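These notes are about the structure you will find just below.
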Amino acid sequence: MTPSSASERSERHVARIDAAARRDLYALGARIFAVEVDGELLRRLASSGLAGAGHPDGLGLLDDDIASLDEHDAIEELAAEYCRLFIGPHPTCPPYASTQRGEALLGGRAGARVLGFLERHGLELTGCAALHIASPDHVAVPLAVLATLYAEAAAAPDETSAAAAWSAAQELLVQSVLPWMPGYLATVASSARREPYRSVPRLLAALLEEERDGLAR
Amino acid sequence: MKLDRRDFLKIGMVASAAVAAPGLLHLVARKTYPNRTAWQGKTVGDVKHIPSMCQACTTACGIIAHVKDGRLLTVSGNPADPNSRGAICAKGAASPSILYDPYRVLHPLKRVGKRGEGKWKRITWEEAYAEIADKLKKIRESGHPEEFAFQQGRNRSADAVNRFLDAFGTPSHFNHRALCSANRRSAILSTIGDTDWDLGDFENTQYVLNFGCNWAEAHQGHIPIATRMMKGRERGAKIVTFEARLSNTAALSDEWFCVKPGTDGVIALAMAHVICSEGLWDKAWFDTWSNYSADDYAAHVAQYTPERAAAESGVPADAIRRIAREFAGAAPRSTTICARGSHAHRNGYYNDRAITILNALVGNMGYVGGWCWHPLSGFDKKQHPEPEPIPPKPTAKSVIADAKDWPLANAYPGFGMKVGTIVYLWIKEKKQKLSAMMTYNTDQAWSWPEMGLVQEVLKDETLIPFHFCLDVMYSETAQLADIILPWTTYLERWDIDARPSLGLVDYVGLRQPVVKPLGESKDIREIFPELARRIGGGMEKYYPWKTTEEYLEAYFKNVPGGFNYMKKHGAWVDPKKKPNYVPYLKQLSSADLEGSTTDPATGIITKGEDPKTKKPIAIGIMINGIARVGFKTPSRKVEVFSKFLVDKGQSVGKTFSPLPIYSPIPDHELGLTDDQLIMISFKWNVHNAHRTMQSMWLQEIQHSNPAWVNPATASRLGLKDGDWVEVTSYRPRDALVPHGDGSVCGTVKTRVRLTEGVHPQVIAMSHNSGRWAGGPVAAHADEPSNVPGFDADAPRPSGVWWKNALSVAQNNLMPVYPDPITGQQAYHDTIVRLRKV
Ligand code: SF4
């Protein structure tokens with residue numbers, strides 16, 4: 001085996017860090033969309049250094065007034081916002097691709113597409129039932145799949161496995177993410193009245209733009 | 001926000017710190033087993049075909065659900081169902097869009113704002129159970145179980161509902177029968193003492209007289225009747241429809257007569273007059289089998305000449321004569337049908353008595369092709385008894401459920417019809433204290449007359465301190481709840497069920513889950529046992545079964561092959577049972593007669609004694625020396641003369657006629673001014689109450705309700721097609737109706753659709769419109785003003801291309817208007833004023 005050059009090693013290192021960053025952002029997004037903020041996440045957001053408005057990066061993961069509430073009240077306030085946005089009744093931003101794309105049936109063609117992807121790539125959904133996610137086209141699912149694939153890319157033992165993970169992520173992006181999610185994220189960001197439901201969708205939207213640029217390159 | 005690569009790295013690291021990703025999330029994993037065959041697409045491969053029963057409406061047709069990989073693909077009819085025989089309607093076919101409604105309520109929700117404000121949070125079932133059980137337990141232990149009220153809509157799980165309410169001890173069980181079939185049921189029960197449905201032998205008939213029944217679109221027996229009607233017609237039957245509107249049923253008839261609302265009774269009585277005066281009757285049958293002589297009845301109906309009926313109804317006298325002759329000429333292969341046309345009037349009880357007795361006059365009762373019935377309104381409960389232990393009936397009293405002012409509402413044992421119409425008025429007037437209410441499968445805040453009144457009551461925490469709601473979808477009523485529980489659709493739950501069979505042989509059916517419940521939805525068969533265990537105090541002992549399957553195994557034990565047979569076939573008919581033709585002619589056996597007594601004056605045969613009333617039990621009647629079963633009335637004959645009604649009326653200080661009469665609608669009798677019209681309501685064939693309005697497939701077909709107005713009327717009022725009008729409705733001017741003072745009831749703005757298909761004195765507005773809650777498919781109303789929680793700016797899915805279609809809630813205009821005899825809501829009698837705006 002030809003020893004890789006220093007520049008190749010460095011390139012691989014950068015790619016790993018890049019994949020790990022994507023993994024973490026998509027995981028954060030999946031977590032935020034999948035279920036309400038709980039005590040543990042609230043504390044982590046509060047101690048992230050990105051809590052509070054007016055952060056230099058424009059990233060406020062938590063509103064000032066929420067951060068000042070006691071934990072029970074803060075969680076309830078965020079739960080009401082989560083409910084208004086994603087659960088309903090009459091959610092402002094139904095979290096399913098099928099709904100966003102005007103399909104009459106929850107799941108529908110969008111859900112079948114995600115399932116087909118998982119099937120082809122040897123992946124399976126393990127947590128939907130526990131989180132009461134009704135269909136695989138829930139916004140959290142492709143985000144979680146992307147997090148998983150980028151985690152594999154970041155930890156890949158060799159070039160071939162890493163490339164396979166990157167390529168699977170690209171396939172999912174093209175088929176089940178980019179056609180609807182950027183618009184959806186923009187809607188959520190503009191409809192949300194509380195953080196992190198404004199900042200995280202913006203972050204994800206920016207990341208998807210980067211992904212789209214990357215695909216074009 | 002534009003981020004470069006360096007930003008990502010930085011934020012990614014922060015995000016990682018924030019959520020310790022991917023530790024918080026386990027949504028996706030690598031498979032540890034080999035791939036199955038590659039994704040094959042929707043309909044290829046292993047599709048399961050699961051028999052069950054539809055409940056998109058109340059007809060309960062047999063269905064086959066076609067399911068692949070746990071997902072429902074399509075629904076078709078189950079040929080093994082003896083009632084629907086493999087047919088379904090558009091609503092049944094649209095079942096996937098009800099199951100997978102994108103706006104379904106899938107999680108328990110608790111309000112975190114004011115009631116009605118629309119601010120909610122998701123809670124766990126554990127939290128929901130704990131709060132509900134705590135509240136109900138306190139009510140039960142207070143010694144006033146009646147303070148827990150249960151408001152149901154369509155209930156096809158009667159065993160489960162009754163078990164819970166009886167075990168709890170509350171009689172405050174409110175249903176919607178007074179909004180549906182109370183007059184029809186009462187009229188038939190007091191005339192023949194038996195069943196309460198339209199079970200004419202339509203497939204074998206030669207002539208159908210239809211008094212306003214919309215069987216092609218909205219009857220309780222919709223598909224089973226419609227398919228038999230069409231078969232009958234193929235075989236040469238003639239269908240004549242009297243209706244104020246050209247419905248799809250009218251369009252499918254051979255003749256349609258556009259009648260003035262509320263005049264069905266006088267048409268039927270005029271026909272009776274023609275039949276009697278021209279000797280077209282089966283006099284021998286009438287004299288033998290009714291409690292009033294044909295000659296006396298002829299004398300009674302002599303006042304109802306075709307000319308008088310023509311003046312009242314608008315149907316030409318010659319046509320009345322001709323049709324009466326045709327109807328009598330076709331007997332016994334002729335029949336009437338009328339639910340819920342002629343009976344949903346202030347005079348509906350008398351109308352349906354007059355119509356029913358037409359059948360007695362021509363002697364078609366119970367004969368092949370004639371006016372038939374079946375004693376059971378569902379499956380045979382003696383053959384399939386409810387599994388023990390069964391709780392006793394409550395001893396507590398409910399002023400509202402037992403409403404006494406309407407003497408026939410609760411007069412028939414086993415047919416507690418109640419007066420749903422007045423429930424919210426009486427709660428408001430504090431006639432009964434309530435501490436909690438559960439709403440089950442209904443949307444009374446939108447579907448009840450004077451919906452504003454219902455909303456006001458549901459919103460008032462002093463009147464209803466705790467309100468929880470179990471439904472498949474969010475609704476105007478759920479919006480006014482404290483807790484919303486997500487209910488399973490009929491495709492995700494169990495029931496033992498059946499309807500009165502048009503084949504005249506009873507059967508039993510199974511509704512079974514064809515897919516797993518979506519989200520966190522649950523059925524009462526799981527919820528009630530859990531609540532009973534938590535409430536305790538002995539309630540729990542009525543739930544010894546570990547699962548619903550175990551309970552149903554016990555229920556179906558008398559079906560050969562048991563529960564397994566039912567799961568495989570969906571329905572079972574006892575081959576030993578025969579169609580219920582001429583049941584009154586059945587002879588009593590010597591065993592039946594052993595120990596019996598015959599009254600020499602009446603011929604009534606009695607045996608034994610009713611343990612409750614201590615009165616002898618009638619088992620038959622001696623007719624021409626033969627002991628026959630007869631009818632199940634006190635006289636064992638068709639009670640043309642109803643002393644029962646007179647006595648019941650006197651018990652509440654009201655005077656009613658023992659014979660069917662034409663009792664004009666008081667408001668109509670006073671005459672209409674130029675700008676006044678009679679408002680009628682109707683349903684579309686693709687909708688059923690609030691439940692189908694969530695379906696994008698069905699809404700796409702029908703989503704708007706402009707008011708139908710006759711062009712002659714429009715020209716008088718200076719209206720063009722599509723013009724906006726303001727419609728103001730008035731409460732009836734009627735001393736026998738609560739608040740019957742002629743005051744303004746409501747006002748709506750709508751548009752007119754000009755059509756010859758409606759009577760010139762009528763404005764027809766459909767139900768199934770004007771919702772403001774329930775998501776963007778159900779609620780696309782134009783004017784959601786003043787509705788708390790309605791988010792008019794919420795994005796709408798692109799599929800809802802009709803989002804700006806006119807959609808108006810008719811129940812803003814519908815007054816609380818109970819018939820004085822049964823409490824039946826008079827849906828088609830309201831006076832409105834029309835003004836161009
Ligand atoms: S008639 Fe009613 S029960 Fe029958 S298929 Fe249609 S909706 Fe279902």
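In this text, all values refer to a predicted model and were calculated from it rather than measured experimentally. Throughout, protein chains are lettered first and strands after them, A, B, ... in sequence-line order, and every chain is numbered starting at 1.
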Can you tell me how far the OG atom of A:S98 sits from the OH atom of B:Y100, to the nearest 0.5 Å? 11.5 Å
Heavy-atom cut-off 4.5 Å, strictly under: side chain, backbone, both or neither for A:E81 against chain B? neither
So does A:E76 pair up with B:K119, basic N to acidic O under 4.0 Å? no
Is the count of non-hydrogen atoms from other residues, nucleotides or ligands lying under 6.0 Å from A:R109 atom CZ greater than 12? no
So which atom in A:C83 and which in B:L109 form the shortest heavy-atom distance, rounded to 0.1 Å? SG-CD2, 3.7 Å
A:L78 versus chain B, heavy atoms under 4.5 Å apart: side chain, backbone, both or neither? neither
Checking heavy-atom separations under 4.5 Å from chain A, one finds in residues 120-129 of chain B B:W120, B:K121, B:R122
What closest approach, in Å, do B:K31 and A:L123 show between heavy atoms, and which atom pair accounts for it? CE-O, 3.4 Å
At a heavy-atom separation under 4.5 Å, does B:I484 approach chain A through its side chain, its backbone, both, or neither? side chain
With chain B, which of A:G127, A:P89, A:A134 has the greatest number of heavy-atom pairs at distances under 4.5 Å? A:P89
All heavy atoms of A:L106 vs all of B:L106, minimum pair found to be CD2-CD1, 4.3 Å
Please test B:L27 against A:T126 for side chain to side chain contact (heavy atoms under 4.5 Å, CB included), starting from the C-alpha separation and ending with a verdict. CA-CA 5 Å; B:L27 265 177; A:T126 51; 5.7 Å; no
Distance in Å, A:H132 NE2 paired with B:S521 OG, rounded so as to fall on 0.5 Å steps: 10.5 Å
Quick one: OG1 on A:T99 to CG on B:D101, what's the gap to the nearest 0.5 Å? 9.0 Å
Side chain from CB out, backbone as N, CA, C, O: work out which of these in A:L125 comes under 4.5 Å of a heavy atom of chain B, or both, or neither. both
Measure A:L146 against the heavy atoms of chain B and call it side chain, backbone, both or neither at under 4.5 Å. neither
For a quick test of reading the model, state the closest non-hydrogen atom pair linking A:A104 to B:M696 and the distance between them. CB-CB, 3.7 Å
Dump the intermediate steps for side chain to side chain contact (heavy atoms under 4.5 Å, CB included) on A:L105 and B:R71, then the final yes or no. CA-CA 11 Å; A:L105 308 184; B:R71 187 164 173 95; 3.8 Å; yes
